[in-house]
Amino acid sequence: MENDDSDQPGQRQEQGQEQAQHEAQNRVYMILAAVPSGKVVTYGQLAELAGLPRAARLVGRILSNLPKETQLPWHRVINAAGRISLAEDSPSFKLQKACLEEEGIVFSNNRVSLKKFNWQP
DNA sequence: ATGGTGACTTGGC
DNA sequence: TGCCAAGCCACCA
């Protein structure tokens, strides 16, 4: 048979995109959950490990959408400059910094030691 | 539908 | 060392 399975390209494609996004988000969660205490990872690294090169910004968006009750170590994610990508006066900033210091991360002038970037899965 | 913005990154000065 | 500009991706007005 000619197989007229009639996949409506439009709708199918749209669903595919949405699913892909969801998958990507899920992968980011997995990678993030695997980051050990005492270590940090940058948005770019997290994106790359999740198979999303050049999507550092997307990771930031995903984190911003995390529920406040999340179990994920979102506080272990910092930017490439070794800084916390949040406003200093923001409660989230203070929380993140406090969590990292609890884990032994040392800050110098609001910046994390670059040596901590050496985390391999 | 074009433009602006943001938990980003990299390269140049 | 620090600021600026361009690139990149998704979302919102």
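Note that these values count all heavy atoms, side chains included, but never hydrogens, waters or copies made by symmetry. No experiment lies behind these values; they were computed from the predicted model shown. Chain A is the first sequence line, chain B the second, and so forth, proteins listed ahead of strands; every chain is numbered from 1.
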Query raised in the report: On a whole-Å scale, what distance lies between the C1' atoms belonging to B:dA1 and C:dA13?
Result: 12 Å

Query - C1' spacing across the pair C:dC8 / B:dG6, given as an integer number of angstrom - result: 12 Å

Requested in this report: Output all residues satisfying side chain to side chain donor-acceptor pair (under 3.5 Å) with A:Asn110, sequence neighbours left out; order by chain, then residue number.
Outcome: A:Glu88, A:Lys97

**Report entry** Annotated protein contacts, base or backbone, on nucleotides 3-8 of chain C with a non-hydrogen cut-off under 4.0 Å, one of B, S, - each
**Finding:** ----BB

Query raised in the report: Atom OG of A:Ser90 and atom CG of A:Leu95: how far apart are they, to the nearest 0.5 Å?
Result: 9.0 Å

Query raised in the report: What is the 5' to 3' range of DNA chain B, first to last nucleotide, that sits under 4.0 Å from any heavy atom of chain A?
Result: B:dG6 to B:dT10

Report task. Not counting sequence neighbours, which residues clear side-chain contact (heavy atoms from CB on, under 4.5 Å) with A:Ala55? List them please. Result -> A:Ala47, A:Leu52, A:Leu58

Query raised in the report: With A:Gln96, which residues qualify under side-chain contact (heavy atoms from CB on, under 4.5 Å), at least two apart?
Result: A:Trp74, A:His75, A:Ile78, A:Ile84, A:Leu86, A:Leu100

Query - Non-neighbouring partners of A:Glu103 that pass salt bridge (Lys or Arg N to Asp or Glu O under 4.0 Å), sequence neighbours left out - result: A:Arg76

Query raised in the report: Looking for any heavy atom pair under 4.0 Å, which part of the strands does A:Leu58 touch: base, sugar-phosphate only, or nothing?
Result: sugar-phosphate

Query raised in the report: Considering only heavy atoms, which members of residues 84-97 of chain A lie under 4.0 Å from some atom of DNA chain C?
Result: none

Query raised in the report: So what is the 5' to 3' dot-bracket string for DNA chain C, if pairs are Watson-Crick or G-U wobble with both distances under 3.5 Å, crossing pairs use [ ] and | means the partner sits on another strand?
Result: .||||||.|||||

Requested in this report: Take the protein atom CD of A:Glu48 and the nucleotide atom P of C:dC9, then report the distance between them rounded to whole Å.
Outcome: 13 Å

Query raised in the report: What's the CZ-P distance between A:Arg83 and C:dT1, to the nearest Å?
Result: 11 Å

In residues 22-35 of chain A, what donor-acceptor pairs under 3.5 Å come from side-chain atoms, sequence neighbours left out?
{"unit_1": "A:Gln25", "atom_1": "NE2", "unit_2": "A:Tyr29", "atom_2": "OH", "d": "3.1"}
{"unit_1": "A:Arg27", "atom_1": "NE", "unit_2": "A:Ala50", "atom_2": "O", "d": "2.9"}

Requested in this report: Would you jot down, in residue-number order, the residues of residues 66-77 of chain A having a non-hydrogen atom under 4.0 Å from DNA chain B?
Outcome: A:Trp74

Query - Side-chain donor or acceptor of A:Asn109 paired with backbone N/O of A:Arg111 under 3.5 Å - result: no

Query raised in the report: With respect to the phosphate group of C:dC9, does any side-chain polar atom (N or O) of A:Gln25 fall under 4.0 Å of OP1 or OP2?
Result: no

**Report entry** Inter- and intrachain pairs under side chain to side chain donor-acceptor pair (under 3.5 Å), touching residues 61-72 of chain A, at least two apart
**Finding:** none

